[in-house]
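Some notes on the structure that comes next.
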There are 2 protein chains.
Amino acid sequence: MRKHNGTHSTPPAADEQQVKGPAEMLLAASAARRFYLEGRSKVEIAEEFGLSRFKVARILDLARDSGIVRIDIRLPGRIDAELSGAVQEACGLRRAIVVGTPSDDQNDVRRQLGSVAADLLTEIAKDDDVLGLAWGRTLHTGLAELTRLPQCTIVQINGVYSQRIANRGVVETVQRAADVSGGRAYPIYAPLILPDPDTARVLRSDPGISAAFAWFGRITKAVVSIGAWQEGSSTVYDALDPATRADYRKRGVRAEMSTHLFDADGAEVRTGLADRVLTISTEELRRIPEVIALAGGAEKAEAIDTVLRSGLVSTLITDAGAARRLLSARERV
Amino acid sequence: MRKHNGTHSTPPAADEQQVKGPAEMLLAASAARRFYLEGRSKVEIAEEFGLSRFKVARILDLARDSGIVRIDIRLPGRIDAELSGAVQEACGLRRAIVVGTPSDDQNDVRRQLGSVAADLLTEIAKDDDVLGLAWGRTLHTGLAELTRLPQCTIVQINGVYSQRIANRGVVETVQRAADVSGGRAYPIYAPLILPDPDTARVLRSDPGISAAFAWFGRITKAVVSIGAWQEGSSTVYDALDPATRADYRKRGVRAEMSTHLFDADGAEVRTGLADRVLTISTEELRRIPEVIALAGGAEKAEAIDTVLRSGLVSTLITDAGAARRLLSARERV
DNA sequence: TGTGATGTCGCTCATATGAGCGCACGATTG
DNA sequence: CAATCGTGCGCTCATATGAGCGACATCACA
């Protein structure tokens, strides 16, 4: 039972006025109202107007084709359904959510992405899920909206980068998530990046921190963010000294996710950095069934493209600008 | 098979956001696109998304109820479907066509009504129809748009009121209608109102005029216009001297159609006027299967109400202002 | 007037669809 | 722990629906 084959796949130039005259138009509008709005069956309508149900069907087809009946599908709020579908398709993701930001302000974008991520978590989290949260700046504001959550264990999956964000905020958000969830929380009260591998090793054996790390293998849903390898786009980039930044860039680093570095092909670039950060490993990440990555801003499009190639991410939440650039990049390939 | 029982008969206050989260919303939008826009079946959609067809049905219901899918029915151009239906219902007419005039200018309204009448004639006239045309000012301009017509006989059903309108125009329009139709025309080259019954009698036996009158009994579709018994609203009123106008008004006349006068109950008011006009009789009118009446302007609402009660009219073409007043008058009864 | 093209209508029949139902599961309460 | 309720899911089955078809009217053109 395929309706209107063709007519709707090739959208009309304008309202193609195929209708003959006012009487038929009125009949079409009336029948369409009964059928589409009042939910009557075509048989009923046929009886009411004294027509055959086939005639009614043809009239309704006509009404759709001529633009009398207009069906539009648009998500309330900010999600761009079309871009979302396109990105999901083009990148082979389980899910892609593109928010159509009217504003270009970076903070607005971050807040929106975080807010959507919070909604998504609220929606897809089940009891006994183990949530790994790795937020940096992007998630920080938005996840404050997290007001409902099933009873989950919540694990912080990397340390805190305290230079820019008040510690208070991060701690509060973790605790808040655990509170609304009613489950246990495993925060990591330690810096993200440490001066040397020895310090990292010592901290990993700290009871509180190791408790969190012990959960990494059992995380079922994680939220991370993607940064481009440039100023202001990646917490890690910003935390490193200029020489190291340049060195990594020379070694092909284009993107960063949860302190892991990726080149343009989505391959992980192994550096000494891994030894002196407190974070989940890519192997552990890969085992997580649902990895939600956030990244906003058109300038991150290449970095997103890159990280998605690694196959670590199952859901991407981004904004329209980045989505469009991402799509045009993928088309070119 | 009744869809969405209730939900759509009670329109939601706003977009009732019943949807759980972004993922479900996205799924709903995606499924709705496939179903409503691409015309896929629910079974296909279910297969594509790996759901049962029931789940798909529920998602689609949700999408409609939550406002993701918006179906609106509106006629392209100027016809107001809702008012048309309401008037048709309230007045027990076979058809009612209400044009939604943005302009209040009387000439604009007349042009629109005439144009719609032309379209309607084009649509419903069949070969071998005998069309009776009685136009006054309202139809004069609009019927110029008559560009297509099956082969019909066209009969002018009343004389010409030449004081205000150039004769040339009327004659031209009649001939034009006959030309586009390819049928024969029976114009009446004589005034509508004559000074006395004798002159009328003489003229009725004029070969050309009596030829037209001879067709009156066989007319299958007629177009007439309704006037209120006041200045500028009825050709007949305007043509009479003040004393006669007042006299008729005193005798209950509220409306005029094709020189026939009606009181507030829709009963015909018999006056001497009938003997000195050249027009079709109400008895002949009543035998015509389709009588299309035109009347525009809110000030004619009462007159329309009145004439419709006579039962002579099967189709009304009017404007939104008159329609609304007509409806509120009928509601009060 | 014939004749093929075109369009309209309503039929049959296979398929799509929804109402109603029961089942399984989780939450709530005694 | 058991009973109860609510909820979400998918099944059955009667109904609604569209594709395809032939009958018929209409039309353009010879």
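First the proteins, then the strands, lettered A, B, ... as listed; each starts at 1.
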Is any side-chain nitrogen or oxygen of A/Lys55 closer than 4.0 Å to OP1 or OP2 of C/dC9? yes
Measure the distance from CG on B/Leu60 to C1' on C/dT17 and round it to the nearest whole Å. 12 Å
For atom CD of A/Glu24 and atom C1' of C/dG7, their distance in whole Å: 13 Å
Give the nucleotide from the list D/dG18, D/dA16, D/dT12 with an atom nearest to the side chain of A/Phe54. D/dG18
Roughly, in whole Å, what's the span from CZ in B/Phe49 to C1' in D/dC9? 19 Å
Whole angstrom value for the distance that separates C1' of D/dA16 from CG of A/Leu51: 17 Å
Lys/Arg-Asp/Glu bridge criterion (N-O < 4.0 Å) met for B/Arg34, B/Glu44: no
Evaluate the side-chain proximity of B/Leu294 to B/Val224: yes if any heavy-atom separation is below 4.5 Å, no if none is. no
From the set D/dG20, C/dC13, C/dG18, return the single nucleotide nearest to any side-chain atom of B/Arg53. C/dG18
Are A/Ile79 and B/Met25 side-chain neighbours, meaning at least one heavy-atom pair lies under 4.5 Å? yes
Using a cut-off of 6.0 Å, state whether more than 12 heavy atoms not belonging to A/Arg184 lie near its atom CZ. no
Specify the separation, in whole Å, of atom CD of A/Glu44 and atom C1' of C/dT17. 15 Å
Any N or O donor-acceptor pair under 3.5 Å from the base of C/dG7 to the side chain of A/Arg58? no
If only side-chain N and O atoms of A/Lys42 are considered, is one of them under 4.0 Å from the OP1 or OP2 phosphate oxygen of D/dG18? yes
B/Asp61 has an atom CG; how far is it from atom P of D/dG10, in whole Å? 15 Å
Nearest-Å distance, CZ (A/Phe35) to C1' (C/dG18)? 13 Å
Can a side chain N or O of A/Ser41 be found less than 4.0 Å away from OP1 or OP2 on D/dT17? yes
Check the distance between D/dT15's P and A/Arg40's CZ and give it to me in whole angstrom. 18 Å
